[in-house]
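Heads up, the thing below is written out as structure tokens.
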Amino acid sequence: MLKPIQRDFQVRFSYATLFTHNLFAVDNTTLRDVIDGEEKRVLFVVDSEVARHNPRLSADIVRYCQHHKDKMQLAHAPIVVPGGEQVKNTEKYVDVLRKAVNDHGIDRHSYIVAIGGGAMLDMAGFAAATAHRGIRLIRIPTTVLGQNDAGVGVKNSINAFGKKNFLGTFAPAVAVINDFNFLETLDDRDWMAGVSEAIKVALLKDPKFFDYIHVHAEDLKQRDMTPMEWLVYRCAELHTEHIATNGDPFEMGSSRPLDFGHWAAHKMEQLSGYEIRHGEAVAVGLALDVTYSYKRGMLDEAAWRKVLETFQKLGMSIYAEELDMLNEDGQRHVFAGLKEFQEHLGGELTIMLLEGIGKGVEVHHIDLDVMAECIAVLKEWERTPQSVISTVEAATITAEAEKV
Ligand code: NAD
């Protein structure tokens, strides 16, 4: 009998997340500097809302490439695709990009440069990762959530079978470039939605960062760019640090710490017909799991209140009616999110909860009756924030935490 042949090998990934203003000013070399080699073919893809708010963007890109033609050569005029979740809810735009790759001679030494919100980047990244088995991708996120989370990670996807991110790849970009100027044209919803991902990562990893968000909540709400730039920077730093050092960048195991609050969030997005923004759903999902952590005796009351008050100061909702939607059996639809969350990753159900600000804890069981109580608490808090102070009794906190 022939003995098995086994070989181990590693693939090393390294990418920079860069921060700038006025990226397409010809004397800004941030983009030029990440192109490896000379006269590389470059295909630009632009989110339709970014194109609408920046009518000179295509001309600026053409001028930039012309000025830096020793490094990059425009393969075709920038391709505009719809922004928002609609671009992920179909394979249509993935096909548009794959066809463009074929039609315009984009090979594995060429670059796709995707400029847009997290949804559009997810779609473009999926197309880039699968055409020719992987074309070099440069992400230029244009939303808060894109710059501090979706754009700086290693995942790409589109939705299918009514499920978020059902089709996708793990494929890091060669570089991520955050131009803060793009954030100026966001509407208030998208300006604020990305703050929830920063709260998430701060709650898990950095109490000082959480305090910073808490203290600057009003300024962030008033669209002060200074705290927003720091929020984006620190959140991106914590995210990429996690990816690089947690030992499971491609999520082979059952644990997905950065998906804190996401089991409910993804389900709520779907139940709302993607009317709720991802970041808005994450805010509600975090409030829910933080309240559950408190109800199960893991988190103290002061910390629980501080989290909910922070969302309140930011003007973000902590309750959505999707939490109370019932199926034909009278069960809450949202609870199916737990099973879908587990199925997406495989293995044992693993949900991140909180045992202190800056300290996550994983559990493998969720008590749905307690979770239902938490939904009622959030609904009440959202209606009259102060009333909850007297109605949530410490006496309800009796159960032992199901810590690992
Ligand atoms: P989004 O991409 O849906 O964008 C929201 C809206 O803002 C869209 O209408 C878009 O066209 C518009 N927009 C984008 N940039 C703009 C600008 N500069 N000015 C004005 N309007 C602009 O929302 P998002 O919050 O950026 O991203 C959410 C998506 O990211 C979800 O699909 C989520 O699943 C995904 N995501 C992916 C990861 C990952 O690791 N890949 C992580 C978190 C979230």
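Just so you know, ligand 1 is whichever comes first in the structure, and atom 1 is the first atom listed for that ligand. Numbering of residues begins at 1 and proceeds along the displayed sequence. Since the model is a prediction, treat every value here as computed from it, not as a measurement.
- Here ring pair (Phe, Tyr, Trp, His ring centres under 6.0 Å) pairs that include residues 31-60, with residues two or more places apart or in two chains, number zero.
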Which atom pairs, nitrogen or oxygen on both sides, join ligand 1 and the protein at under 3.5 angstrom?
unit_1   : atom_1 : unit_2 : atom_2 : d
ligand 1 : 2 (O)  : Gly118 : N      : 3.0
ligand 1 : 2 (O)  : Ala119 : N      : 2.9
ligand 1 : 7 (O)  : Asp190 : OD2    : 3.4
ligand 1 : 11 (O) : Asp47  : OD1    : 2.7
ligand 1 : 11 (O) : Asp47  : OD2    : 3.3
ligand 1 : 15 (N) : Thr142 : OG1    : 2.7
ligand 1 : 18 (N) : Thr142 : O      : 3.1
ligand 1 : 18 (N) : Phe182 : O      : 2.9
ligand 1 : 18 (N) : Thr185 : OG1    : 3.4
ligand 1 : 19 (N) : Thr185 : OG1    : 2.7
ligand 1 : 26 (O) : Gly118 : N      : 2.8
ligand 1 : 26 (O) : Thr143 : OG1    : 2.5
ligand 1 : 27 (O) : Gly118 : N      : 3.4
ligand 1 : 32 (O) : Glu85  : OE1    : 2.7
ligand 1 : 32 (O) : Glu85  : OE2    : 3.4
ligand 1 : 32 (O) : Lys88  : NZ     : 2.9
ligand 1 : 32 (O) : Lys164 : NZ     : 3.2
ligand 1 : 34 (O) : Lys88  : NZ     : 3.1
ligand 1 : 34 (O) : Lys164 : NZ     : 2.7
ligand 1 : 41 (N) : Asp122 : OD1    : 2.8
ligand 1 : 41 (N) : Lys155 : O      : 3.1

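- Taking the centre and axis of the six-membered ring of Phe24, the NZ or CZ atom of Arg56 falls outside the cone set by 45° and 6.0 Å.
- Around atom NE2 of His104, more than 12 heavy atoms belonging to other residues, nucleotides or ligands sit under 6.0 Å away.
- Residue Asp36 qualifies as open at atom CG: its count of foreign heavy atoms under 6.0 Å is 12 or below.
- Residue Tyr233 places its OH atom among 12 or fewer non-hydrogen atoms of other residues, nucleotides or ligands, all under 6.0 Å distant.
- Ion pairing of Glu251 with Lys155 is present here, as a side-chain N (NZ or NE/NH1/NH2) and a carboxylate O approach within less than 4.0 Å.
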